[in-house]
Amino acid sequence: MPQRPTTSLVRIMLIATLAATLAGCSSASNPLEPQPPTPAQQAEQLEPMLSAAGFRMLPADTPERQQQLASLVPLDVNYYVGKTGTLHYYMADPDYCKCMYIGTEQDYQQFEKMKLNQQFEAKEGEVSRENLEAQQMEEMDMQAEAFNPYGMGLVGPMGPAMYW
């Protein structure tokens, strides 16, 4: 006749299993969570918008320009005040295009409008997807009800009438 494991041994095994499971869950990333974009993806998204907004691309085609470009915060739109007091906006990309985008206040305002429109369209698309999913679930429920052998809204042979 086999011996039963002691209670303390069972507890230790249960705790070890639980600890291993929790450790695995904390290290695994959730595939449903959106991952932050890579620098290359961020550049691919920003640079066409900057160009469309009127920013000019200046290549870092000399060692001095490459050194200056490397000293700036990459992929972040910033500004500086020129000698005449005019605001100039720029974005450095030392890795993807090895260039700098430079624009005026008007270009920057256009860029911000484009970013807001892009965010609005993304949110609108998300709401649209959620509405479509809800509609599909409702249609699936209606189809399931249509094939219910006991009739619409009835669960079994007695259905809701058994409670009357």
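Computed over heavy atoms, backbone and side chain alike; hydrogens, waters and symmetry mates excluded.
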Exercise. Decide if the gap between the ring center of Phe55 and the ring center of Tyr101 is smaller than 6.0 angstrom.
Key: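 Ring centres of Tyr101 and Phe55 not closer than 6.0 Å.
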
| message | Strictly distance-based, threshold 3.5 Å: is any side-chain N or O of Gln67 a donor or acceptor partner for the main-chain N or O of Glu64? | response |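 Flag not set: sc Gln67 to bb Glu64 has no pair under 3.5 Å.
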
- Query: Under 3.5 Å, is there a donor-acceptor pair between the side chain of Asn117 and the main chain of Met114?
  - Reply: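 No, Asn117 side chain to Met114 backbone: no donor-acceptor pair under 3.5 Å.
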
Are side-chain heavy atoms of [X] and [Y] found at a separation under 4.5 Å?
| X | Y | value |
| --- | --- | --- |
| Leu50 | Met91 | yes |
| Leu72 | Tyr90 | yes |
| Leu87 | Val81 | yes |
| Tyr89 | Asp107 | no |

For this session: Please check if atom CD in Gln66 has more than 12 non-hydrogen atoms from other residues, nucleotides or ligands closer than 6.0 Å.
Result: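 It does: Gln66 CD has more than 12 such atoms within range.
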
Glu112 atom CD, neighbour heavy-atom count above 12 within 6.0 Å:
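Yes - once you tally the heavy atoms of other residues, nucleotides and ligands closer than 6.0 Å, there are more than 12.
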
- Query: Would Leu75 end up clustered with Tyr79 when hydrophobic side chains under 4.5 Å apart are linked, directly or stepwise?
  - Reply: yes

Walk me through whether Glu105 and Gln109 qualify under side chain to side chain donor-acceptor pair (under 3.5 Å). CA-CA 6 Å; Glu105 173 72 24; Gln109 294 302 326; 2.8 Å; yes

**Asked** For Tyr96 and Glu47, does a side-chain donor sit closer than 3.5 Å to a side-chain acceptor?
**Response**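 The criterion, which ignores hydrogens and geometry beyond distance, is not satisfied for Glu47 and Tyr96.
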
